[in-house]
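In what follows, residues are counted from 1 in the order of the sequence shown.
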Amino acid sequence: MNENLFASFATPTMMGLPIVMLIIMFPSILFPTPKRMITNRVVSIQQWLVNMIMKQMMNIHNNKGRTWTLMLISLITFIGTTNLLGLLPHTFTPTTQLSMNLGMAIPLWAGAVVTGFRHKTKTSLAHFLPQGTPVPLIPMLIIIETISLFIQPMALAVRLTANITAGHLLIHLIGGATLALMSISPTTASITFIILVLLTILEFAVALIQAYVFTLLVSLYLHDNT
């Protein structure tokens with residue numbers, strides 16, 4: 001069991017070719033474009049959830065920040081569906097890969113920072129040096145603020161990767177323990193199975209919460225720079 005502990009996080013291949021791109025594009029199939037005047041209940045629920053979440057996120061933004069609405073909708077939808085699909089048996093979760101999460105976090109963070117320096121240059125530079133700072137501390141504070149700025153995309157990616165990976169590892173370990181205990185102690189195996197079911201329900205919530213948190217933090221970075 002220990003040898004295959006991280007097997008589910010390996011990049012899947014078919015005939016020696018990686019199929020990560022196919023897996024990444026798969027969630028878009030779950031959100032078809034409605035072609036009817038009256039949509040069905042599933043599409044109506046999807047639209048209601050997206051509108052509710054976006055109203056909460058975009059209320060703090062001005063008109064310039066609201067131009068990012070479509071991108072943020074796509075981001076939270078993609079991360080949420082990818083995390084949920086990764087909970088299915090024998091599936092691969094792209095958001096457990098730090099490289100992919102960095103690929104999402106760095107461009108979005110860089111876009112928000114560049115927007116801030118382009119339209120609010122003085123305000124953006126003022127973040128590096130708080131008002132009333134003693135003169136001897138100015139060089140140190142500028143270095144600290146610069147480091148904290150460049151750590152933001154890393155924190156976004158690591159947070160998402162760690163939470164999704166930890167949940168999958170727990171499910172894998174508890175599932176393996178349940179199978180091992182079935183022949184030894186059925187009563188203990190039943191208790192472990194109940195814990196596994198509860199953990200799986202929790203992971204469904206974590207998958208959606210992490211998608212919301214990732215998008216919310218990108219939205220806050222954008223708000224600070226617009």
Side-chain angles (χ1 to χ4, degrees), residues 5-12 20-21 23-28 49-50 52-61 65 68-88 91-116 124 127-128 143-174 198-226:
L5 187 60
F6 294 94
S8 59
F9 303 112
T11 303
V20 176
M21 291 304 299
I23 297 173
I24 292 175
M25 291 187 292
F26 180 74
S28 61
L49 285 173
V50 167
M52 180 183 66
I53 294 171
M54 283 302 108
K55 282 181 180 178
Q56 294 179 355
M57 283 190 183
M58 306 311 293
N59 277 338
I60 61 175
H61 290 278
W68 286 50
T69 302
L70 184 59
M71 183 180 295
L72 295 179
I73 290 174
S74 304
L75 180 66
I76 191 172
T77 303
F78 170 73
I79 296 176
T81 51
T82 304
N83 290 346
L84 290 176
L85 289 173
L87 292 173
L88 297 175
T91 55
F92 173 73
T93 312
T95 47
T96 58
Q97 306 297 311
L98 183 60
S99 57
M100 175 181 166
N101 295 335
L102 284 173
M104 292 189 295
I106 291 177
L108 293 169
W109 166 83
V113 172
V114 170
T115 301
S124 298
H127 288 301
F128 292 94
I143 294 173
I144 293 173
E145 291 297 328
T146 304
I147 293 173
S148 66
L149 178 65
F150 283 97
I151 281 178
Q152 288 177 354
M154 180 65 72
L156 273 177
V158 171
R159 181 186 294 108
L160 179 59
T161 304
N163 281 282
I164 301 303
T165 303
H168 285 210
L169 285 176
L170 280 174
I171 290 176
H172 181 83
L173 290 172
I174 296 177
L198 295 176
L199 180 62
T200 304
I201 296 173
L202 177 63
E203 281 304 307
F204 272 96
V206 169
L208 297 176
I209 290 171
Q210 289 304 314
Y212 179 78
V213 169
F214 190 97
T215 311
L216 179 62
L217 289 174
V218 172
S219 176
L220 292 176
Y221 296 156
L222 177 64
H223 176 257
D224 292 337
N225 291 280
T226 54

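Under the 4.5 Å side-chain criterion, counting only non-hydrogen atoms from C-beta, V218 is not in contact with M104. Counting heavy atoms from C-beta outward, I79 and Q210 have side chains that stay 4.5 Å or more apart.
Atom CD1 of I209 is separated from atom CG of N83 by 11.5 Å, given to the nearest 0.5 angstrom. Summarising the geometry, atom CZ belonging to F214 is positioned 10.0 Å from atom CZ belonging to F78; distances are rounded to the nearest 0.5 Å. Considering CG of L108 and CG of L217, their distance stands at 11.5 Å, rounded to 0.5 Å. For the atom pair CG of L75 and CG of L70, the computed distance is 11.5 Å after rounding to the nearest 0.5 Å. One distance of note links CG of L216 with CG of L222; it measures 11.5 Å at 0.5 Å rounding. Between atom CE of residue M71 and atom OG1 of residue T69 there is a gap of 10.5 Å, rounded to the nearest 0.5 Å.
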Which pairs of donor and acceptor atoms, one on a side chain in residues 146-162, lie under 3.5 Å apart (sequence neighbours left out)?
{"from": "T146", "atom 1": "OG1", "to": "I142", "atom 2": "O", "distance (Å)": "2.6"}
{"from": "S148", "atom 1": "OG", "to": "I144", "atom 2": "O", "distance (Å)": "3.4"}
{"from": "S148", "atom 1": "OG", "to": "E145", "atom 2": "O", "distance (Å)": "2.7"}
{"from": "Q152", "atom 1": "OE1", "to": "W109", "atom 2": "NE1", "distance (Å)": "3.1"}
{"from": "T161", "atom 1": "OG1", "to": "N101", "atom 2": "ND2", "distance (Å)": "2.5"}
{"from": "T161", "atom 1": "OG1", "to": "A157", "atom 2": "O", "distance (Å)": "2.8"}

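Closest non-hydrogen pair, H168 versus T96, comes out as ND1-CG2, 4.4 Å. What you find for P94 and T82 is that their closest heavy atoms are CD-CG2, 3.3 Å.
In this view, S219 and M57, H61, L72 satisfy the side-chain contact (heavy atoms from CB on, under 4.5 Å) rule, not counting sequence neighbours.
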